[in-house]
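One structure below.
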Amino acid sequence: ACWCRETAGRGTAATEGLPAGWRQYRALQSPCTSKPGGPEDTVRLDSIGAFLLRAREAGSWLQMGFELPETFSGEVFCDLVNYTDRGTVRIYLDDEVAVSEYDHYAETASAQRVSLGQRRLAAGAHTLKVEALAAHGGADRMFIALGGVTLKPAGAPDSIADTVFTIQPSDPVDALREGTVTTLQWH
């Protein structure tokens, strides 16, 4: 077990910033295990909301637990943060292969929501596991950055409606535009 096991109970769902009905179980707030499992092998990346496994060989893995209070039907996603020190991974849901190969590599850090397909999950404990398969190119690293698992119930909206903000002063103003900057001058 890695030191991330000490972070929380069984993983609680978050809904902030998600479309209505969606739930997210964050790896940073869930019980985790890994192979290798030493304290130098895993790192909390709080600034990007992910656990990092410093995998250097195929077969290394990072797993998180989460608990559903009720039966779930809908699409399940694995949230990863891709980057240059990542490689090809396999993703498991409850010890069954959900995605046989996913390229976890990217030139810049980018959060990715990888679909595990439509699923029906019973109430109770579940696991999400990401296994390193190969390094990218000739690299010696195949790190894994796990953000968590996200659930989109059947019938839930695909995205949040965009929020639009406008400035509407109550007094008359003159707008002066210089390049991309607009300055409002009150009378």
Nearest heavy-atom contact between Leu62 and Ser34 is CD1-CB, 4.0 Å

Step through the shown structure and confirm whether more than 12 heavy atoms of other residues, nucleotides or ligands are within 6.0 Å of OH on Tyr83.
no

Can you tell me how far apart CG (Asp85) and CE (Met142) are? Round to the nearest 0.5 Å.
11.5 Å

Taking atom types as modelled, is there a side-chain donor on Glu178 or Thr183 under 3.5 Å from an acceptor on the other?
no

Short question: side chain of Trp22, backbone of Pro157 - any donor-acceptor pair under 3.5 Å?
yes

Under a 3.5 Å distance rule, please check whether Arg44 uses its side chain to pair with a backbone N or O of Leu28 as donor and acceptor.
yes

Would a 4.5 Å heavy-atom cut-off, applied to side chains only, mark Arg23 and Leu18 as touching?
no

Residues Gly148 and Met64: closest non-hydrogen pair is CA-SD, 3.5 Å

A side-chain contact here means heavy atoms from C-beta on lying under 4.5 Å apart; do Leu53 and Glu131 qualify?
no

Looking only at heavy atoms, what is the nearest atom pair of Asp103 and Asn82, with distance?
O-ND2, 4.0 Å

How is the hydrophobic cluster of Tyr92 composed, in terms of its other members, when Ile, Leu, Val, Met, Phe, Trp and Tyr link through side-chain heavy atoms under 4.5 Å apart, directly or indirectly?
Val97

Just say parallel, tilted or perpendicular for the rings of His136 and Tyr105, cut-offs at 30° and 60°.
parallel

Working to the nearest 0.5 Å, report the span between CD of Gln63 and CG of Asp95.
6.5 Å

In Å and rounded to the nearest 0.5 Å, what is the CD to CG distance from Glu75 to Asp158?
8.5 Å

Side-chain heavy atoms of Gln112 within contact of Tyr102, under 4.5 Å
yes

Would you indicate whether the side-chain heavy atoms of Leu146 and Leu80 approach each other to under 4.5 Å?
yes

In plain terms, say whether Arg56 and Asp140 are close enough for a salt bridge, that is, a side-chain N and a carboxylate O under 4.0 Å apart.
yes

Looking at Ala135 and Ala139, what are the two nearest heavy atoms and their distance?
CB-O, 3.2 Å

For a 4.5 angstrom cut-off between non-hydrogen side-chain atoms, does Leu128 reach Val76?
no

Validation row: His126, Tyr25 side chains within 4.5 angstrom (heavy atoms):
no

Just so I know, are the side chains of Arg113 and Gln24 near enough to count as touching, which here means a heavy-atom distance under 4.5 Å?
yes

How close do Ser115 and Val99 get, heavy atom to heavy atom, and via which atoms?
O-CG2, 3.7 Å

Arg26/Asp79 ion pair, N-O < 4.0 Å
no

In Å and rounded to the nearest 0.5 Å, what is the OG to CD1 distance from Ser60 to Ile144?
7.0 Å

Following the transitive rule for hydrophobic clusters with a side-chain heavy-atom cut-off under 4.5 Å over Ile, Leu, Val, Met, Phe, Trp and Tyr, establish whether Phe143 and Leu133 coincide in one cluster.
no

Heavy atoms only: give me the nearest Leu151-Leu121 pair and the separation to one decimal.
CD2-CD1, 4.5 Å

Can you confirm whether Glu57 is buried at CD, in the sense that more than 12 heavy atoms of other residues, nucleotides or ligands lie under 6.0 Å from that atom?
no

Going by side-chain contact (heavy atoms from CB on, under 4.5 Å), name the residues that satisfy it together with Ala50, two or more places apart in sequence or in a different chain.
Ile48, Val81, Ala145

